[in-house]
Structures are given as C-alpha cells and as structure tokens.
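Heads up: the structure comes next, in structure tokens.
Everything numeric in this text was worked out from a predicted model, so none of it was measured. In the text below, chain A, chain B and the rest are named by the order of the sequence lines, each starting its count at 1.
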Number of protein chains: 2
Amino acid sequence: MKLQLHIKMNEALFLRNPESSELGKNILKHSVSLIYKTGFEAFTFKKLAEEIGTTEASIYRYFENKHKILVYLAAWYWTWFEFQISFHTNNIKDPNTKLKKVIKLLTTKVEDDEQTNYINESLLHQIIIAEGSKSYLTKQVGEDNKHQLFKPYKDLCAVIGNVILECNPKYKYPRSLATTIIEMAHFQNFFMNHLPSLTDFGKHKEETELVSFLIDLVFSSLKKT
Amino acid sequence: MKLQLHIKMNEALFLRNPESSELGKNILKHSVSLIYKTGFEAFTFKKLAEEIGTTEASIYRYFENKHKILVYLAAWYWTWFEFQISFHTNNIKDPNTKLKKVIKLLTTKVEDDEQTNYINESLLHQIIIAEGSKSYLTKQVGEDNKHQLFKPYKDLCAVIGNVILECNPKYKYPRSLATTIIEMAHFQNFFMNHLPSLTDFGKHKEETELVSFLIDLVFSSLKKT
DNA sequence: TTTAAATAACAGTAATACTATCATAAATAA
DNA sequence: TTATTTATGATAGTATTACTGTTATTTAAA
C-alpha cells in the first residue's frame, strides 16, 4: 500500500473532474503522452479519443477544449512541483542551500513517480518546458486568471520568492527573480536542446552547466547588500 | 524623400516575397494588426483575407501557413531590433552604458517609425512579447532552424553576448545571459500587465522598474571577477 | 502590342472544433 | 430488489479552419 497524495484541482479547470473516473484518468494520462509525442498544436480531441478508445464527445464532457487541458496539466505540475520543493528542502535550514536545491530541482530531469498515479511526471516536465508558457500566452489570460487557473504557478513563485528573501531580506525583486529562475530553467533547457547557439552549454548538453549559470546569476544578485 | 532601409529576409520564410508587391505588403501590415487584435491562435487566413479585401488563396501564394507568418514577423523584428541597437549605441564607447541602453531598448515601448514602411513596429513589439516564443516552441523547431529561420534572433543574441563580454571578458555565460535579458524583458513585461503577482512591479506598471530589475540582475553577475 | 505573371473569383476537400440526440451500461438510492 | 439517476458509447451533424485547384481577368513587362 503506497501513500497517494492527492492534488485538489480548481473546479474551473474542468467540466467534470477527470480524477473521478477511469475515463477521466485516461484522458489525463493519454493527454500527457500525446502532447509529448505530437506537440500541443497537433494535439486534438479526435486523436486523443482514438488513443483512449473512446469518443470525442466523451472527452468534451470533461474538458471544454484542449487549452483547458494544457492549463490543467500546468496547474497540476506546479502544484506537484511545489510539493517536491517542500519535500526535498524539508531539512535544509540555510536558505542559500535551499535556493540552490530549488534551482537543481527545476533544472534536473524529473523521474517518474513509478506509477504512483496516472500522470507521468517525467513526460509532463518535458511538456511544461516546451508548451508551458502557451498556457498563459493567450488572449484569455485575463479571464483564466480571474478563475485562479494560474494560482499554482503564482504560489510557487511566492514560495521561491520567500526563499530569496530569506537569503537577502533587502533584495528588491524576489518575485521577478523567482519567475526568472523558473522560466530560464526551462527556456535555457529548450534552447540547449533545440537552438544551442542561444546558450553557452550547447555541445555537451550538460544540465550541470545550466545549474551553474542560474546559481551564478541568482547569487550574484543576492550577494550584493 | 525618406531613407528606407531594407531588410533582406531569408527566402525559406515565404513562397513569394511579400515585399515585392502591394498585396504582399498588405499581408504583412494586416497580419500585424490582426494578430495584435485577435492573438495568434484566433488569427486565420480567412479573416486576414477579409481585412485586406482579397482571398485566402492569394495569401497562400505568399505564405505556406500562419506559422510561417509569425516566424517571418519575428525574424523581421529581431533584424530590425539589431539595427536599433547599432543605431542607438553607435557613439557609446563604454560597454556598460551600451548594455544598459540595450536593456532599455528591449524594455521600452517601441514607437512606430511613422509609416516608414508597412510594418508597425510598435504593434509588432507587442506581438513579439505575447507570441514571439511560439515561433520556436514547436515540434518543427529543428526543421525551421535548419532553414536558418531563427538566424536574426541568434545574431542578436551574439551581438548582446559580445557587449556582455566587453563588460567582463571572463564572464562564462554571455549567450545565456543575453537570451535571459531578451526573454525576461518580454516575459516580465507580459506578467506585469497580465499576471502582476508574478512580478515586483505590478501596481504602477512602470517599465523603469523592470529596467532596474534587469540592470541589477545583469550587472551583479558581470561585476564579479 | 503581345505575352507573361499576378490576382480575383469561385469551387471543393479534409480536418478540426465543437453540439446534440439517443441507447445502453453501470452505479446508487429507495 | 427495483427504480432511477448518471456516465459512457454510438452516431450524426454543423461551422470553421486549413488548405488545393481551376479559370477568368487584370496588371506589368518584353
């Protein structure tokens, strides 16, 4: 018997809670593998239905459209990731060490939680790198934001921002630095793999170098008085 | 008689050169205003054709699909922006001052070049902020990159990277820092306007604060030996 | 002035993004 | 247990998107 931690999702994300049924869980599971495989643009409810062995109409009972699935997955991921942080930094007192750990967690390949649930965190991590920003770079961002759909991302930003303030209470831009860390962990990773000349760690594709870059960037700013 | 500077675009971006005809120029002009108005997702060739007063088929003779238009506009913008840098930093010898100028240019609202040409740089700047990363966050990024479609962005990154190296020849991550500056200038701006709690300059929406954040971030890293 | 090229006008197809209806199966409540 | 609600499957259908193709007409070049 394994401990299952359950993430309670914002109800505005779905029409019917996908966690409440087998079909719903299949929608999540196969959304992850299908978006991973085809990319978000080519991902359709038709293809998803075929993968699952159900119909488009059935999927529409769970999610309004594919954009909502992406926002759902992003929200799930950030909630899960915030837990990862609290888990892995649990015993760490020194905020500097804690912040370094956060950077490493953001940068390192995620290992799948061994079928703990229907979401493959490792694939989802890759999806968030390549598609995550599309969840808010839309015309509906204001509307979606009103419904609190980005709360998990904001909460994470606040958590990291607080660690930053612990490192240097006088630092003036904790939230912007937090989002910079998050976004750059992902963008630099994407660039490293697809547009390497935009980075300084192209050839070897070593994540450790990306970690070094981010740590240097962040702690230079924080060391100043 | 005004001096028109002409940007020679990569031929892989289009089927027929849009700069070679009135219709082509109209496609560019109205693409900018329509993407600005509706967002890239809702932007279609049908709507574009209606705006221009032409047919879908005619537009397809210029561009393969709407993604290519976005990549075209992004390429145009970065080429134009690189020129802006060389223009505005022309007499500046001190690399630190130069880098600050670059940050300000990236962050400040662009003023339209007074009908110098068919592209409204001010609107395009807003488009690049909200849609720019969608030009490469796709499954075709490798293919597009092979055709050099992202060369203007890479060139800009190299230019800024060189200024960074002038500031501190020992700095190890000039390109990654350059892309960080570029992307964060845009993302923080987007957050400021749409998801303000992700930043530290929400309420007043002052670009000057964003500039301060970026300058602090960058020069902290570069001051170290 | 002829001829070539570009565009408009129109038709048509396949895929996408949905909505609606009805039958049936499964879960739940009486 | 049966009645009833609820979820799903099966199927159909619509509007829009993303294209391709054909022909006539206009415009520009030789």
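Between S212(B) and Y173(A) the shortest side-chain heavy-atom distance falls below 4.5 Å.
Taking side-chain N and O atoms only, T55(A) has no distance below 4.0 Å to OP1 or OP2 of dA10(D). Under 4.0 angstrom from either OP1 or OP2 of dA8(C) there lies at least one side-chain N or O belonging to S58(B).
Evaluation of the side chain to side chain contact (heavy atoms under 4.5 Å, CB included) rule for K46(A) yields T44(A), E50(A), E56(A) as partners, not counting sequence neighbours. Applying the ring-ring contact (aromatic ring centres under 6.0 Å, His included) test to F190(B) and every residue at least two apart in sequence or in another chain returns H194(B). The side chain to side chain donor-acceptor pair (under 3.5 Å) search around E209(B) returns H204(B), not counting sequence neighbours. Applying the ring-ring contact (aromatic ring centres under 6.0 Å, His included) rule to F150(B) yields no partners; only residues at least two apart in sequence or on another chain are considered. Residues satisfying the side chain to side chain donor-acceptor pair (under 3.5 Å) test with E41(A), not counting sequence neighbours, are K134(A). Residues satisfying the side chain to side chain donor-acceptor pair (under 3.5 Å) test with H67(A), not counting sequence neighbours, are Q140(A). For Y62(A), the ring-ring contact (aromatic ring centres under 6.0 Å, His included) criterion is met by no residue, not counting sequence neighbours.
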Could you pull out every donor-acceptor pair under 3.5 Å between side chains of residues 179-187 of chain A and any protein atom, sequence neighbours left out?
from: T179(A); atom 1: OG1; to: R175(A); atom 2: O; distance (Å): 3.2
from: T179(A); atom 1: OG1; to: S176(A); atom 2: O; distance (Å): 3.0
from: T179(A); atom 1: OG1; to: Q188(B); atom 2: NE2; distance (Å): 2.9
from: T179(A); atom 1: OG1; to: L198(B); atom 2: O; distance (Å): 3.4
from: T180(A); atom 1: OG1; to: S176(A); atom 2: O; distance (Å): 2.7
from: T180(A); atom 1: OG1; to: Q188(B); atom 2: NE2; distance (Å): 3.4
from: E183(A); atom 1: OE1; to: Y136(A); atom 2: OH; distance (Å): 3.4
from: E183(A); atom 1: OE2; to: Y136(A); atom 2: OH; distance (Å): 2.9
from: E183(A); atom 1: OE2; to: Y153(A); atom 2: OH; distance (Å): 2.4

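When heavy atoms are screened at a 4.0 angstrom cut-off, F63(B) is found touching no nucleic acid atom at all.
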- Could you run through nucleotides 22-30 of chain D and give me one letter per nucleotide, 5' to 3': B if any protein heavy atom sits under 4.0 Å from the base, S if only the sugar-phosphate is that close, - if neither? B--------
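At whole-Å resolution of the value, NZ in K66(B) and C1' in dA15(C) are 15 Å apart. Atom CD1 in I69(B) sits roughly 13 Å away from atom C1' in dA18(D) (whole-Å rounding). Here dA18(D) presents its C1' atom at 15 Å from NZ of K68(B), a figure rounded to the nearest Å. To the nearest angstrom, P of dA7(D) lies 8 Å from OH of Y62(A). Between the NZ atom of K46(A) and the P atom of dT16(C) there is a distance of 7 Å, rounded to whole Å. Atom-to-atom, CD of E64(A) to C1' of dT19(C) comes out at 13 Å; the value is rounded to the nearest Å. Atom pair Y60(B):OH and dC19(D):P shows a separation of 4 Å (rounding to whole Å applied). dA18(D) atom C1' lies 14 Å from atom CG of L48(B), rounded to whole Å.
In the set dA8(C), dC18(C), dC19(D), the nucleotide with an atom closest to the side chain of T54(B) is dA8(C).
Within the structure, the ring-ring contact (aromatic ring centres under 6.0 Å, His included) test picks out the following pairs touching residues 11-49 of chain A (sequence neighbours left out): F45(A)-Y60(A).
Side-chain polar atoms of K154(A) and N145(A) form a donor-acceptor pair below 3.5 angstrom.
In the helix from dT1(C)-dA30(D) to dA30(C)-dT1(D), the rotation axis of the first five pairs and that of the last five pairs differ in direction by 20°, rounded to 10 degrees.
Of all the residues in residues 12-27 of chain A, R16(A), S21(A), L23(A) reach under 4.0 Å from DNA chain D with at least one non-hydrogen atom.
Taking 4.0 Å as the cut-off between side-chain N and carboxylate O, E19(A) and K25(A) do not count as a salt-bridged pair.
Between F45(A) and E56(B), the one whose closest nucleotide on DNA chain C sits nearer the 5' end is E56(B).
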